[in-house]
Amino acid sequence: MIKKHLFLILAFLPLVSFAQKKKNILFIGNSYTGVNNLPQLFADVSASAGDTIQIMSFTPGGQTLMNHAAPGGAPMNEIAKGIYDVVVLQEQSQLPSFPDQDVNEFYFPYVHVLDSAIKAANKCSKTMLYMTWGRKNGDAMNCASWPPVCTYLGMDSLLRKRTLEASTQNQCDVSPVGAAWRYSIKHYPWINLYQPDESHPDPKGSYIAACVFYTSIFKKDPSNIKYNFGIDPLLADTLRNIAKSSVFEHMDELHVGYSAPKAAFYHNFEKEGKFLFVNESTQTDSIVWHFGDGDTSHLNRLVHTYLQSGKYKVTLEAHNHCGEFDTASDSVFYDASTGLTLPHKFSQHFYPNPFSENKVQLLVSDAFVMNIYNRLGQAIQFTAVQCDDKIEIEFEEDLPKGTYYCLFEQNGKHFAINITKL
């Protein structure tokens, strides 16, 4: 379904000079990138939002990543300079939607070749895959032999699936332009994004692409963009909102920033102030724990002990070798008087506390078993009536003043909180 012998024609976009520090971006693709001069359009929308870039591109019509990966060719020589912050790879618009055999032979291997060359030239360069879109009425050329591409939706779904697979295989980023097109086609069907050939983008289609690239490279809201590319201002604002709703608000699932560090961890109460912390971060070379009590650690898995009662904010920093980092935070609660912890959902959910009447309320979200004891460990009698997400607890009239332990059992674990009658 794909010709194996294609001639390489090179088109160059001169480097644009700016006074301030910029990101260097290299676009490698074909007419889907070259039409409407997407690299320069991306530079213009970025500048209007306060971000500047330096660009170069290789975008001859009909070219594949296999062509661009040819040893000694201009794209590979440019990659070898190692001067680019981001290298964008755009495959021939039909190829990733072909049958598995063709995709495994002509798409995935050449993403890997180019990505490997990019990382070898500069370990901090990012490979970004340009997710394109299905043709307006599917791929008529290949419909008879490969029915999944007979419709826009079928072709577009395969392009999205294979692009995300290539991103996962190579741990590289995605600019999910196709996702923004699909959102536009579904929610704003009266906005035509295609040229008459029902394949290439018209100016509105390229404008959406530029907005998505702005979000994908800078991780910023495309609503910041002020440049309209000659499009009616109200329509341009709608197109920016399409990019925001479809991509900016769904970056993780669309692999925007996929190669950047992602901080994540879980913790579990052990006993007597001891909490197990486990690092689950990805794309990370080093970590730093901050436990909220002044202590830190660089270990991936450890038990940390809190000596005093309190609520502690735990923060994990995840760093990579290029200076990028991400943080994740959570809180733990410890009651030194009981040696037990309290799940977040019960924190300060008794009210009033302290209390003077014989009634308190408890906000709840999950099933649990609760018992209440005095300081001598004697069980206290009470009645409980649940209404929606509240439980009203009523004690006997002669309940003495003092502090009481409310012990919870949930999912096989035990937690405690104190309540005080004045």
Side-chain angles (χ1 to χ4, degrees), residues 171 173 219-220 248-253 255-354 362-371 389 391 403-420:
Q171 302 294 292
D173 295 351
K219 314 300 184 295
K220 294 180 180 180
F248 180 69
E249 295 176 356
H250 301 277
M251 292 196 292
D252 286 346
E253 67 189 76
H255 291 201
V256 175
Y258 191 75
S259 65
K262 299 287 190 306
F265 68 92
Y266 77 84
H267 63 84
N268 188 39
F269 177 69
E270 299 287 300
K271 61 179 180 179
E272 298 175 351
K274 299 182 184 295
F275 289 79
L276 171 68
F277 293 95
V278 180
N279 171 39
E280 293 186 317
S281 305
T282 58
Q283 309 291 1
T284 300
D285 295 308
S286 63
I287 62 168
V288 182
W289 295 97
H290 299 273
F291 296 107
D293 60 355
D295 285 352
T296 62
S297 176
H298 297 276
L299 299 176
N300 281 309
R301 181 185 179 97
L302 76 158
V303 173
H304 181 73
T305 302
Y306 292 98
L307 301 178
Q308 297 180 349
S309 298
K311 172 183 176 181
Y312 298 91
K313 182 180 180 181
V314 179
T315 300
L316 176 64
E317 296 178 8
H319 299 257
N320 70 9
H321 56 271
C322 298
E324 297 178 299
F325 72 95
D326 187 34
T327 62
S329 298
D330 203 352
S331 296
V332 298
F333 305 83
Y334 175 58
D335 184 348
S337 64
T338 64
L340 298 174
T341 187
L342 174 72
H344 305 181
K345 60 178 83 51
F346 292 118
S347 174
Q348 301 175 358
H349 282 186
F350 271 108
Y351 67 94
N353 187 19
L362 172 66
L363 297 180
V364 297
S365 58
D366 293 313
F368 62 90
V369 176
M370 180 179 69
N371 293 291
D389 60 349
I391 292 180
T403 298
Y404 296 87
Y405 297 132
C406 300
L407 300 182
F408 301 92
E409 181 179 348
Q410 186 177 48
N411 299 324
K413 297 181 180 180
H414 293 84
F415 309 97
I417 190 172
N418 293 345
I419 58 174
T420 301

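None of these values were measured; they are calculated from a predicted model. Atom set for the values below is all heavy atoms of this structure, side chains included, hydrogens, waters and symmetry mates excluded.
Residue Ser329 comes nearest to Thr315 through the heavy atom pair OG-OG1, 3.0 Å, listed as atom of the first residue, atom of the second, then distance. Nearest heavy-atom pair, Gln283 versus Ser259, reported as atom, atom and distance to 0.1 Å: CB-O, 3.6 Å. Looking at every heavy atom in both residues, Lys219 comes nearest to Gly257 through CE-CA, 3.4 Å. Of all non-hydrogen atoms in Thr305 and Glu272, the two that sit nearest each other are CG2-O, 4.3 Å. Annotation for Phe265 and His267: closest pair CE1-CD2, 4.1 Å, computed over non-hydrogen atoms.
Counting non-hydrogen atoms of neighbouring residues, nucleotides and ligands closer than 6.0 angstrom, the NZ atom of Lys262 exceeds 12 such neighbours. Applying the 6.0 Å contact sphere to CD of Glu253 captures more than 12 heavy atoms from other residues, nucleotides or ligands.
A donor-acceptor pair under 3.5 Å is formed between the side chain of Asn320 and the backbone N or O of Gly323. At least one donor-acceptor pair under 3.5 Å links the side chain of Trp289 to the backbone N or O of Leu299. Listed for the His298 side chain is a donor-acceptor partner under 3.5 Å among the backbone atoms of Ile287.
Rounding to the nearest 0.5 Å gives a distance of 7.0 Å between OH of Tyr312 and OG of Ser309. Here the CD-OG distance, from Glu317 to Ser286, works out to 9.0 Å after rounding to the nearest 0.5 Å.
When the side chain to side chain contact (heavy atoms under 4.5 Å, CB included) test is applied to His304, the partners found at least two apart in sequence or on another chain are Phe277, Phe291, Asp293, Asp295, Tyr306. Under the rule for a side chain to side chain contact (heavy atoms under 4.5 Å, CB included), the partners of Ser281 that lie at least two apart in sequence or sit in another chain are Ala263, Asn279, Thr284, Leu316, Ala318. Every residue two or more places apart in sequence or in another chain was checked for a side chain to side chain donor-acceptor pair (under 3.5 Å) with Thr296, and none qualifies.
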